[in-house]
Amino acid sequence: GAVVSQHPSRVICKSGTSVKIECRSLDFQATTMFWYRQFPKKSLMLMATSNEGSKATYEQGVEKDKFLINHASLTLSTLTVTSAHPEDSSFYICSAWGTGTSGGAPYNEQFFGPGTRLTVL
Amino acid sequence: AQSVTQLGSHVSVSEGALVLLRCNYSSSVPPYLFWYVQYPNQGLQLLLKYTSAATLVKGINGFEAEFKKSETSFHLTKPSAHMSDAAEYFCAVSNSGNTPLVFGKGTRLSVIA
């Protein structure tokens with residue numbers, strides 16, 4: 001249980017185009033999801049917090065008009081990189097906060113997706 | 001604000017030797033602490049977590065970590081390194097289950113045959 005998927009796993013696009021990345025909680029409902037970005041050989045930096053049914057909260061320095069986040073359901077959040085440029089090339093990872101039981105044991109934690117590698121040419 | 005400091009961006013050990021990856025945290029509230037491993041071009045895999053229960057936490061693949069409040073530390077150890085342990089390791093802290101994680105800069109572990 002408690003699996004988070006991301007689609008696509010890899011995407012290559014041309015500069016100026018938009019790319020949508022999906023983050024799904026497969027077997028639990030997630031009212032809160034987080035989007036992180038990881039540059040090569042660097043750590044993960046929080047981009048935004050996505051709450052179902054409301055506007056995302058962006059971290060300082062993250063352009064909300066460039067990185068559009070939509071959390072329309074309890075199992076899906078999307079990140080759209082608009083007018084992508086080569087400097088947007090990065091590894092994008094989402095996490096979903098879930099509560100419940102797994103194997104009889106309660107959990108209250110975040111589960112990470114496998115990540116999406118975006119390359120903008 | 002919370003923060004995590006991982007001492008040593010690169011640690012190299014011999015196969016079979018002790019692995020020690022250091023993590024110190026700063027938090028104004030009782031923290032949730034995590035260790036993740038990341039293999040090249042892959043996502044994060046949770047090794048273990050501390051959420052205010054036992055201070056010595058056992059994780060997967062033989063790893064364990066001890067929460068020491070007096071030292072604000074959560075160092076990761078493994079008695080005997082295996083070649084497959086070579087990866088990037090991240091320590092992270094959060095306030096609770098539904099708040100974002102703050103990650104350290106990571107420590108790359110190399111295992112020498």
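Just so we're on the same page: letters track the sequence lines, and every chain starts at 1.
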Subject >> Joint hydrophobic cluster, A:V62 plus A:Y92, side-chain heavy atoms closer than 4.5 Å >> reply: yes
**OP:** Evaluate whether atom NE2 of A:H85 has more than 12 neighbouring non-hydrogen atoms of other residues, nucleotides or ligands under 6.0 angstrom away.
**Re:** yes
Original post:
Between A:P40, A:P114, A:G115, which shows the greatest number of heavy-atom pairs under 4.5 Å with chain B?
Top reply: A:P114
Subject >> Non-hydrogen atoms of A:S43 and B:K105 that approach each other most closely >> reply: CB-CA, 3.7 Å
Subject >> Distance in Å, A:Q110 CD paired with B:F34 CZ, rounded so as to fall on 0.5 Å steps >> reply: 7.0 Å
Original post:
Do A:I93 and A:L118 share a hydrophobic cluster, counting only Ile, Leu, Val, Met, Phe, Trp and Tyr and linking them when any side-chain heavy atoms are less than 4.5 Å apart?
Top reply: no
Subject >> Region of B:Y36 in contact with chain A, defined by heavy-atom distances below 4.5 Å >> reply: side chain
Original post:
Between A:K41, A:R117, A:Q38, A:K42, which residue shows the highest count of heavy-atom pairs closer than 4.5 Å to chain B?
Top reply: A:Q38
Subject >> CA sep, side-chain torsions, deciding dist, call: A:T31, B:N98, side-chain contact (heavy atoms from CB on, under 4.5 Å) >> reply: CA-CA 9 Å; A:T31 55; B:N98 65 337; over 6 Å; no
Original post:
chain A: which of B:T51, B:T99, B:N41 shares the most heavy-atom pairs with it under 4.5 Å?
Top reply: B:T99
**OP:** Compare every heavy atom of A:Y36 with every heavy atom of B:L101, then report the nearest pair and how far apart it is.
**Re:** N-OH, 2.9 Å
Original post:
Where does A:L46 contact chain B at under 4.5 Å (heavy atoms): side chain, backbone, both or neither?
Top reply: side chain
Subject >> A:F91 with A:L79, same ILVMFWY side-chain cluster at under 4.5 Å >> reply: no
**OP:** Name the region of B:Q38, side chain, backbone, both or neither, that has any atom closer than 4.5 Å to a heavy atom of chain A.
**Re:** side chain
Original post:
Does any heavy atom of chain A fall under 4.5 Å from the side chain of B:L46, the backbone, both, or neither of them?
Top reply: side chain
Original post:
Rounded to the nearest 0.5 Å, how far apart are OG of B:S94 and CH2 of A:W97?
Top reply: 11.5 Å
Original post:
Would one find more than 12 heavy atoms of other residues, nucleotides or ligands at under 6.0 Å from atom NZ of A:K66?
Top reply: yes
**OP:** Following the transitive rule for hydrophobic clusters with a side-chain heavy-atom cut-off under 4.5 Å over Ile, Leu, Val, Met, Phe, Trp and Tyr, establish whether B:F63 and B:F103 coincide in one cluster.
**Re:** no
Original post:
Hey, quick one: are B:Y39 and B:V111 part of the same hydrophobic cluster, counting side-chain heavy atoms closer than 4.5 Å, chains of contacts allowed?
Top reply: yes
